[in-house]
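Read through the structure below, which is laid out as structure tokens, and then see the notes.
Lettering follows sequence order; numbering is per chain, from 1.
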There are 2 protein chains.
Amino acid sequence: MQSAVHSQQPAYSERQSAVLDSALRLLVDGGERALTTAGVARAANCSKESLYKWFGDRDGLLSAMIGFQASKVRTFDDAADMLTARGLREHLVLFARDLLEVLAGEVSLALNRLAIGQASREGSKLGLMLQERGRRQIGKRAGVLLDAGRRAGLLSFDDGEEAYDALYGLIVSDLHLRMLLGEDSGRMARDFGHRAERAVAAFLRLHGREKGSAQP
Amino acid sequence: MQSAVHSQQPAYSERQSAVLDSALRLLVDGGERALTTAGVARAANCSKESLYKWFGDRDGLLSAMIGFQASKVRTFDDAADMLTARGLREHLVLFARDLLEVLAGEVSLALNRLAIGQASREGSKLGLMLQERGRRQIGKRAGVLLDAGRRAGLLSFDDGEEAYDALYGLIVSDLHLRMLLGEDSGRMARDFGHRAERAVAAFLRLHGREKGSAQP
DNA sequence: TCCAGTCAGTACCGTACGGTACGGTTCGCA
DNA sequence: TGCGAACCGTACCGTACGGTACTGACTGGA
């Protein structure tokens with residue numbers, strides 16, 4: 001538990017990244033029970049002693065895995081130079097699909113399960129970390145999108161946070177939790193396109209100012 | 001794993017219910033790691049042998065805990081004899097507050113964490129069970145409410161499932177996940193009233209037919 | 001009064017995991 | 001060539017847990 005939470009730069013060497021990759025693979029395949037120090041060492045062809053030298057602790061390894069994965073799925077801030085209602089709608093749908101696909105990713109699901117399992121334990125920090133790296137990051141992307149839409153006179157809302165909350169809820173609903181509980185994520189992934197369109201249409205009926213923006 | 005999933009009746013004796021209560025308390029206080037067979041036996045003043053006789057297995061104990069808790073929080077089907085827009089709105093707000101408070105309950109959170117932790121393991125069944133007993137039950141209550149609203153000409157939607165999905169998303173958004181990740185549920189519980197009102201207002205703007213129903 | 005069933009309490013066993021220590025090997029560098 | 005650092009592989013230790021077996025106490029019925 002010596003790793004700083006505010007470590008902004010990855011600071012992981014090539015070898016350590018490979019180890020973290022192996023660890024993530026192991027976690028995805030077998031859940032937390034399969035993520036033993038001996039198992040990670042064996043899968044990554046390294047020694048347990050090196051694991052403890054690099055990450056200090058098992059919790060340090062878990063934190064490193066979250067930080068590592070978050071640094072890999074960096075959300076790109078897509079262009080905010082659109083002005084038409086159609087452009088905004090398309091960007092929102094794209095955001096919705098990206099969000100759903102990120103949440104349905106097997107690594108994301110495994111890490112969320114891991115953090116939730118550790119949440120009861122005191123000093124979890126993993127949950128906060130996952131939220132800071134995950135939700136806050138992707139929420140920032142949505143924030144600039146919504147703000148740009150409002151500046152362009154296409155959206156109307158008072159509190160950006162509340163508007164994003166509604167957008168997120170319409171897109172995801174309880175789907176994330178159902179996937180975390182074990183429902184087949186691949187089966188419902190085929191519906192993501194339709195779901196994204198539907199959620200964005202509803203959101204625009206709530207906060208859109210353009211009259212024709214609600215109907216496709 | 002011999003307990004039938006479709007066990008409709010509780011079928012737990014007084015003594016066993018007390019044991020399950022102790023186990024739930026233990027789970028809430030210390031998380032899954034505290035839920036050892038020896039710990040349950042000690043907390044409930046019973047022997048481990050009795051535990052294995054009654055529940056067969058540790059998984060059997062977990063399943064019994066979920067079933068037991070679900071049987072305790074039976075959702076009441078509130079009256080569907082309202083016709084006015086105001087009545088529907090009030091019932092929806094009541095439903096939203098109940099939903100939020102159930103989800104924020106410490107026992108609910110602990111059981112969800114438990115089921116999610118077991119979800120990676122094959123043959124979890126706990127996640128499916130939790131969903132069947134939880135979401136499906138409370139979803140039924142919302143279903144009759146929405147159908148009654150539509151029959152009264154107050155709501156307009158094609159697919160009841162989609163409408164409920166939107167309602168659920170607007171109410172909960174990612175709040176459930178954040179609580180599962182360890183965010184202080186007590187602190188955000190003070191906002192449930194406001195949140196319920198806001199979500200229902202948005203839902204009525206989406207699916208309400210009465211012109212004045214959107215604004216409080 | 002005896003008997004059978006139930007249950008609490010406890011001791012026990014096998015296993016698995018986190019963490020540490022040690023020998024042997026490779027690699028960079030002077 | 002010699003040296004030291006990093007590291008792999010493995011053996012080891014203490015602990016904790018799931019599950020089983022055994023003993024003694026209590027209870028209700030014949």
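- Where DNA chain C meets chain A (any atom under 4.0 Å from a heavy atom), the bounding nucleotides read 5' to 3' are dC17(C) to dC22(C).
- Ion pair Arg25(A)/Asp29(A) flagged as a salt bridge, since at least one NZ, NE, NH1 or NH2 atom sits closer than 4.0 Å to an Asp/Glu carboxylate oxygen.
- Taking the side chain as every heavy atom from C-beta outward, Leu24(A) and Leu111(A) approach each other to under 4.5 Å.
- Of the residues in residues 18-26 of chain B, none has a non-hydrogen atom less than 4.0 angstrom from any atom of DNA chain C.
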### Message
Assess the residue pair Val172(B) and Asp174(A) against the criterion (side chain to side chain contact (heavy atoms under 4.5 Å, CB included)); give the C-alpha distance rounded to whole Å, side-chain angles, the decisive distance to 0.1 Å, and a yes or no.
### Response
CA-CA 8 Å; Val172(B) 180; Asp174(A) 70 336; over 6 Å; no
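- Salt-bridge annotation for Arg141(B) and Asp98(B): present, with a side-chain N of the basic residue lying under 4.0 Å from a carboxylate O of the acidic one.
- Between the side chains of Glu132(A) and Gln137(A), not a single donor N or O lies within less than 3.5 Å of an accepting N or O.
- With salt bridges taken as basic N to acidic carboxylate O contacts below 4.0 Å, one links Glu101(B) and Arg97(B).
- Within residues 32-47 of chain A, the residues approaching DNA chain D are Asn45(A), Cys46(A), Ser47(A), by heavy-atom distance under 4.0 Å.
- Open room surrounds CG on Asp158(B); 12 or fewer heavy atoms of other groups in view lie less than 6.0 Å from it.
- Phosphate contact (OP1/OP2 of dA6(D), side-chain N/O of Trp54(A), threshold under 4.0 Å): absent.
- Here the side chains of Asn45(B) and Val19(B) are not in contact, with every heavy-atom distance at 4.5 Å or above.
- Between Phe95(B) and His91(B), the distance from one ring center to the other does not fall under 6.0 angstrom.
- Here dA21(D) presents its C1' atom at 11 Å from NZ of Lys48(B), a figure rounded to the nearest Å.
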